[in-house]
Amino acid sequence: MELLGEITADRPLLVLAVKEEAQFLDTDLPVLLTGIGKVNAATALATVLGRGSRPSGIVNLGTAGALRPGWTGTHVVGTVLQHDLDGELLAKLNGETYGAPLSLPDGGDVVLATGDAFISDEAARARLAERAPLVDMEGYALAAAAELAGVPLRVVKHVSDEAGDGAARTWRESVAACARELAVWAEANTPYRS
């Protein structure tokens with residue numbers, strides 16, 4: 001976890017998993033690098049939100065794999081779900097619902113599936129494509145932490161790969177171009193510079 005800048009109540013906090021995704025941000029806004037995965041994302045965001053001043057909002061910028069053909073570009077997410085938590089089975093065990101999908105206030109109809117597995121095979125891609133067009137490793141965890149803290153969250157993802165065979169190689173090759181697009185989006189859609 002690394003926090004760059006100071007969180008204040010009058011500005012949003014930009015949250016990204018890794019420095020490669022943040023490499024072209026040139027902003028006065030605070031930037032939190034959480035590390036990869038749900039645990040890193042949730043604990044990093046909860047830690048900074050619990051320290052003192054809370055931001056006016058949170059903007060999660062990051063890369064995502066496309067689970068369906070034709071999905072490219074930058075997307076504002078409307079719903080996040082966990083693809084690696086069997087909420088139905090858990091509900092049968094004790095009657096409680098865990099990990100239900102979360103709706104985001106400023107999102108559209110794009111659904112993002114989050115899990116602690118980097119999707120890079122065709123079978124996993126096809127299975128997840130039935131539930132969502134995009135997949136990442138942090139979005140749901142950030143949404144859950146932000147909701148508990150009462151801070152509005154926007155999730156913005158740029159497609160880096162097709163979440164199938166060769167996705168890891170494709171992500172490494174495309175992350176710089178994705179980072180540029182995310183920085184362009186942030187400049188156009190946030191109070192990027194004071």
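Counting heavy-atom neighbours within 6.0 Å of E162 CD, excluding the residue itself, gives a total of 12 or less. The environment of D10 atom CG is dense: over 12 non-hydrogen atoms of other residues, nucleotides or ligands sit within 6.0 angstrom.
To the nearest 0.5 Å, the span separating CG on D109 from OG1 on T79 amounts to 8.5 Å. With rounding to the nearest 0.5 Å, the separation of CD in Q23 from CG in L182 is 10.5 Å. Considering CH2 of W185 and CG of L61, their distance stands at 6.5 Å, rounded to 0.5 Å. To the nearest 0.5 Å, atom CD1 of residue I119 and atom CG of residue L67 are 7.5 Å apart. Between the CG atom in L142 and the OG1 atom in T114 there is a gap of 8.0 Å [rounded to 0.5 Å]. Here CG of L29 is found 13.0 Å from CD of E6. Values are rounded to the nearest 0.5 Å.
Of all heavy-atom pairs spanning S56 and P12, the tightest one is OG-N, 3.2 Å. The minimum heavy-atom distance linking L104 with A143 is given by the pair CD2-CB, 3.9 Å. Here the closest non-hydrogen pair linking A22 and L33 is CB-CD2, 3.9 Å. The shortest non-hydrogen separation linking L13 to P30 is CD1-O, 3.6 Å. Between V110 and P133, the shortest heavy-atom distance links the atoms CG1-CG, 4.5 Å. What you find for F24 and A176 is that their closest heavy atoms are CE1-O, 3.3 Å.
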Check the pair L134, V111 against side-chain contact (heavy atoms from CB on, under 4.5 Å), reporting the backbone distance first and the verdict last.
-> CA-CA 7 Å; L134 299 175; V111 178; over 6 Å; no
Might you work through the side-chain contact (heavy atoms from CB on, under 4.5 Å) test for V155 and V76, ending with a clear yes or no?
-> CA-CA 6 Å; V155 174; V76 178; over 6 Å; no
Audit row: T74, H158, side-chain hydrogen bond (donor to acceptor under 3.5 Å, both in side chains) steps and yes/no = CA-CA 4 Å; T74 304; H158 190 82; 2.6 Å; yes
Passes side-chain contact (heavy atoms from CB on, under 4.5 Å), R51 versus T47? Steps please.
-> CA-CA 6 Å; R51 283 187 181 160; T47 297; 3.6 Å; yes
Worked verdict on E21 versus T63 for side-chain hydrogen bond (donor to acceptor under 3.5 Å, both in side chains) = CA-CA 7 Å; E21 293 173 329; T63 55; 2.7 Å; yes
side-chain contact (heavy atoms from CB on, under 4.5 Å) between L25 and L16: does it pass, once the steps are laid out?
-> CA-CA 11 Å; L25 292 176; L16 300 94; 3.7 Å; yes
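Side-chain atoms of N60 come within 3.5 Å of backbone atoms of V15 as a donor-acceptor pair (strictly under, hydrogens ignored). Judged by distance alone, with hydrogens and angles left aside, the side-chain atoms of R193 form a donor-acceptor pair with the main-chain N or O of D26 at under 3.5 Å. Remark: side-chain polar atoms of R125 are not paired, donor with acceptor, to backbone N or O of S120 under 3.5 angstrom. No side-chain donor-acceptor contact under 3.5 Å links S160 to the backbone of V175. A donor-acceptor pair is defined here as one N or O able to donate and one able to accept, closer than 3.5 Å; no such pair exists between the side chain of D116 and the backbone of G37.
Counting only heavy atoms from C-beta outward, the side chains of M137 and N40 never approach each other to under 4.5 Å. I36 is not listed as a side-chain neighbour of F118, based on a closest heavy-atom distance of 4.5 Å or more. Annotation: side chain of E138 is not in contact with side chain of K38 (no heavy-atom distance under 4.5 Å). At least one side-chain heavy atom of K157 sits less than 4.5 Å from a side-chain heavy atom of V77. Between Y192 and D28 there is no side-chain heavy-atom pair separated by less than 4.5 Å. Looking only at side-chain heavy atoms (C-beta outward), I58 and L14 stay at 4.5 Å or farther from each other.
A search for side-chain contact (heavy atoms from CB on, under 4.5 Å) contacts involving A149 returns L49, R54, V151, not counting sequence neighbours. Annotation: salt bridge (charged side-chain N to carboxylate O under 4.0 Å, His left out) contacts of E147 (sequence neighbours excluded): none. Partners of E2 according to the salt bridge (charged side-chain N to carboxylate O under 4.0 Å, His left out) rule, which considers only residues two or more places apart in sequence or in another chain, do not exist here.
Hydrophobic clustering keeps V31 apart from M1 (ILVMFWY residues linked when any side-chain heavy atoms are closer than 4.5 Å, directly or through intermediates). Residues V135 and V156 do not share a hydrophobic cluster, defined by chaining ILVMFWY side chains whose heavy atoms lie under 4.5 Å apart.
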